[in-house]
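Have a look at the structure below, then the notes.
In the text below, chain A, chain B and the rest are named by the order of the sequence lines, each starting its count at 1.
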There are 2 protein chains.
Amino acid sequence: MLNHKHDHDACIETALESAQKICEERETRFTPLRQRVLELVWSKHEPITAYEVLELLSKGQKKVAPPTVYRALDFLIAEGFVHRIESLNSFVGCSDPAHKHQGHFMICTKCRNVTEMNESSLHNVIENAAKENGYSYENSILEIAGVCENCRN
Amino acid sequence: MLNHKHDHDACIETALESAQKICEERETRFTPLRQRVLELVWSKHEPITAYEVLELLSKGQKKVAPPTVYRALDFLIAEGFVHRIESLNSFVGCSDPAHKHQGHFMICTKCRNVTEMNESSLHNVIENAAKENGYSYENSILEIAGVCENCRN
DNA sequence: GATGGCTTGATATTTTATTTCAATAAGGGC
DNA sequence: GCCCTTATTGAAATAAAATATCAAGCCATC
């Protein structure tokens with residue numbers, strides 16, 4: 001778990017406001033559905049699956065079908081508001097949506113909390129590794145499994 | 001594609017022999033099924049899906065069910081003979097089965113060929129990144145998408 | 001208020017992976 | 001060799017994750 005003092009409601013709100021603003025700048029449509037899905041993805045710091053989002057989304061309202069969720073997620077990923085965690089078939093809110101980038105993550109194998117690494121040095125190393133092996137660089141995923149500080153104590 | 005002169009039959013054979021030897025050392029059972037699945041995974045350098053293996057395996061003999069393939073793959077992965085490419089839901093033969101390690105890969109977005117990187121420097125950087133962020137290191141996946149040298153020419 | 005494009009709804013299907021229990025095969029101790 | 005235990009494979013069903021397709025709705029602009 002994150003720090004218990006962590007005000008997660010504020011965290012969600014910031015993410016939503018930030019996304020709202022970015023969409024206005026880009027003139028992309030941050031529809032109610034997309035807002036709601038982003039909110040649900042942010043509802044915990046742990047990665048959430050598309051079908052979990054589906055279930056939450058369907059609560060207390062007309063049920064939605066999988067494509068509805070996947071399309072919203074596709075949009076949010078394209079805008080950089082959400083990252084997909086490949087090793088978990090899950091999704092997490094991006095901690096730095098203003099700058100488009102790949103997700104490089106650490107995943108706690110105990111609490112399943114995810115921490116995003118935005119270190120440019122790491123990114124450079126990865127990009128260089130590709131070039132040294134004769135590949136042009138397009139994008140990359142890095143997912144490190146380990147145990148976070150809180151869980152080790 | 002890899003170098004056209006690449007003798008892929010020899011490549012498969014080496015992988016099988018190497019696996020055979022390692023299993024003898026470890027006293028694990030390299031059964032005919034597991035051998036056959038490893039051979040099929042190695043049948044191309046591109047990643048192969050479990051269901052593609054299933055189909056090849058079922059050719060000209062009694063059809064097998066998905067768990068048969070997945071169990072064989074689980075064994076091969078546990079022994080380090082095969083890696084899973086998370087971003088493609090696919091599997092590739094390991095180029096260095098003697099040393100257990102994570103797979104760090106580059107994936108060509110044109111020819112879909114996969115190159116495994118066994119650079120310890122890269123591994124060190126990743127392990128350090130985890131520690132700097134307060135995580136203990138267990139394992140990691142790195143999958144870089146780009147265009148390989150051959151495809152750029 | 002018609003047009004065209006994006007967005008969502010709805011249904012069906014595909015792809016990927018696992019659960020469960022039964023049958024078979026392999027190795028260890030006697 | 002024969003029994004016992006355990007590992008492996010077979011078989012059927014199901015679960016989980018994702019996509020294809022077409023219809024309906026919304027919205028901006030003319």
A/A50 has its side chain closest, among D/dA18, C/dT18, D/dT21, to D/dA18

Tested for salt bridge (charged side-chain N to carboxylate O under 4.0 Å, His left out) against A/E79, the lone hit among A/K21, A/R26, A/R29 is A/R26

Residue-phosphate contact under 4.0 Å: A/Y70 side-chain N/O, D/dA18 OP1/OP2
yes

Below 4.0 Å: OP1/OP2 of D/dA16 and any side-chain N or O of A/T49
no

Distance-only side-chain donor-acceptor flag, A/T115 / A/H45, under 3.5 Å:
no

Return the 5'-most residue of the pair B/F75, A/D74 with respect to DNA chain D, ranking by each residue's nearest nucleotide.
B/F75

D/dG10 phosphate, OP1 or OP2, under 4.0 Å from B/T68 side-chain N/O
yes

Just the rounded figure in Å: distance from C1' of C/dT8 to CD of A/Q61.
12 Å

On DNA chain D, check which nucleotide each of B/V64 and B/N89 is closest to and give me the residue with the more 5' one.
B/V64

Testing C/dT18, C/dG9, C/dA10 for proximity to the side chain of B/P67, the answer is C/dT18

Rounded to the nearest Å, what distance is computed from the NZ atom of residue A/K63 to the P atom of nucleotide C/dA10?
13 Å

Taking A/E127 first and then A/K131, would you say they form a salt bridge - that is, a charged N and a carboxylate O separated by under 4.0 Å?
yes

Return no unless some side-chain N or O of A/R29 is found under 4.0 Å from OP1 or OP2 of D/dA28.
no

Output the single nucleotide from D/dG10, C/dG9, D/dA18 whose closest atom is nearest the side chain of A/Y51.
D/dA18

Measure the distance from CZ on A/R71 to P on D/dG25 and round it to the nearest whole Å.
15 Å

A/L88 CG to C/dA17 C1', straight-line distance once rounded to whole Å:
15 Å

Take the protein atom CZ of A/R36 and the nucleotide atom P of C/dG9, then report the distance between them rounded to whole Å.
14 Å

Without decimals, in angstroms, what is the distance between B/F30 CZ and D/dT8 C1'?
15 Å

When the ring centroid of A/H83 is compared with that of A/F105, is the distance short of 6.0 Å?
yes

Rounded to the Å, how far apart are B/L73 CG and D/dT8 C1'?
15 Å

Between B/E143 and B/R84, is the closest basic N to carboxylate O distance under 4.0 Å?
no

If I take atom CG in residue A/L54 and atom P in nucleotide D/dT19, what distance separates them, rounded to the nearest angstrom?
14 Å

Selection from C/dT18, D/dT8, D/dA18 that lies nearest to any side-chain heavy atom of A/P66
D/dA18

On the nucleotide D/dA18, are OP1 or OP2 found under 4.0 Å from the side-chain N or O atoms that A/R84 carries?
yes

Sugar-phosphate only, base, or nothing, as touched by A/R34 at under 4.0 Å among non-hydrogen atoms:
sugar-phosphate

